[in-house]
2 protein chains.
Amino acid sequence: MSPQRADAVRNREILLGTARQAVASGDLSLQLNEIARRTGMGVGTAYRHFPTRRALLEALAAPAFAGVVADARAAASHDDAWGAVAALLRGLLVRQLADAAFAEVIAADRADDALPETTALRVEFAALARTVTDRARDAGVLRADLTDDDLHHLACGVVFALGLSPDPGARLDAYLRALLQGVRAPGPA
Amino acid sequence: MSPQRADAVRNREILLGTARQAVASGDLSLQLNEIARRTGMGVGTAYRHFPTRRALLEALAAPAFAGVVADARAAASHDDAWGAVAALLRGLLVRQLADAAFAEVIAADRADDALPETTALRVEFAALARTVTDRARDAGVLRADLTDDDLHHLACGVVFALGLSPDPGARLDAYLRALLQGVRAPGPA
DNA sequence: CGGACAAGCGGACTGTCAATCCGGTTGGCT
DNA sequence: AGCCAACCGGATTGACAGTCCGCTTGTCCG
């Protein structure tokens, strides 16, 4: 009746927890052999739950991804067209900074080996982002030469730039300001 | 008398050429075993010339790196403080787009296993970039909350963003405009 | 020219890590 | 209790980075 056995559910949670801890401590390599060893499980168990590094990565990223989708939904129903763009970008930056796994997932557009649930999130997010972006462009507050994909890419680029700093969190606000100023339509004057 | 034997010089050139070709065709993995096989040389020969992937990468990147240093020197002696920043950033973007190996080298600040010559280029570039940046900030045309390192990081971030596009070259101008607008000091009004 | 020898070469080998395979074990149902 | 599909463990394979060392050859000197 239940889709899987109780021990399997438990083991999956343990693996996810251990992996999340590894990522939080700065190790994004997600070596399944190593994670399995840390949990005391066999390697086979780890690989059955997460057949590839990518599968584990996307499982880790799912909550954060769902978060930005929620952000985007809120932004899409926001009154202020520019405020919506700013909220969307800020959310993207903050969540990527807080979750390296999510940052890697959202930056990789390669849908080849993506889990279906990740693809679903990506599609939903793309639609919302497009709404927000189009509205801002129509209102003349967003540069006309930038698409929703461009904003997505630039946000990932800024996160990459933050990652080059010794203390990314300390530069977040400055880079966000620059990003927003950069994508805003130049004054008509 | 000569620092190395004629065959060694020749082999080094062949390896570099093969590697450059691999990078140009989109393969940045620089697997020395594979490159050696393609040249018909033994693996040992390849590894003697380039002990690690990084060594080969930096050798490939050296000309492009020297190019941006030249750009930076020209920019530093430019009259217009803002024009110098624009020229510097444009050069960084264009050269990184044209040479993926250089893009990887300049993005990685890790000096751990860097070749001394690469470190020298990096130091020289940093000094010139600092000059240009400080001048622009003093002139009030560059955002006061951005350092020379920030510009460096943001440029690498924009290149990363370009890499997410299906056709990076097509978006270069748009992203460069956004970058310049983003780092420029907001109007005093 | 030709002999000596350091510089250079080749490729077998080791270590690491992702991913697979399959014999043994166990949770959950009747 | 007894069955069996689902699950587990870990030895194993395969790909790749990098090392080691015996053999070859370019170069110099007599």
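Throughout, protein chains are lettered first and strands after them, A, B, ... in sequence-line order, and every chain is numbered starting at 1.
Look at CZ on B/Arg37: it is 13 Å from P on D/dA15, rounded to the nearest Å. Atom CD1 of A/Ile35 and atom P of D/dG10 are 17 Å apart (whole Å). Atom-to-atom, NE2 of B/His49 to C1' of C/dA7 comes out at 11 Å; the value is rounded to the nearest Å. Distance, A/Ile14 CD1 to D/dC7 P: 15 Å, rounded to whole Å.
Salt-bridge check for B/Asp134 with B/Arg137: passed, with a basic side-chain N closer than 4.0 Å to an acidic carboxylate O. Between B/Arg37 and B/Glu34 there is a salt bridge, with a side-chain nitrogen of the basic residue lying less than 4.0 Å from a carboxylate oxygen of the acidic one.
For B/Tyr175, the ring pair (Phe, Tyr, Trp, His ring centres under 6.0 Å) criterion is met by no residue, not counting sequence neighbours.
Other residues, nucleotides and ligands contribute at most 12 non-hydrogen atoms within 6.0 Å of the CZ atom of B/Arg90.
Under the 3.5 Å distance criterion, the side-chain polar atoms of A/Arg73 are left unmatched by any main-chain donor or acceptor of A/Leu128.
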Trace of the salt bridge (Lys or Arg N to Asp or Glu O under 4.0 Å) decision for B/Arg143 with B/Asp150: CA-CA 11 Å; B/Arg143 293 184 69 101; B/Asp150 288 331; over 6 Å; no
Under 4.0 Å protein heavy-atom contact, by nucleotide of nucleotides 10-26 of chain C - B base, S sugar-phosphate only: BB-----SBBB-----B
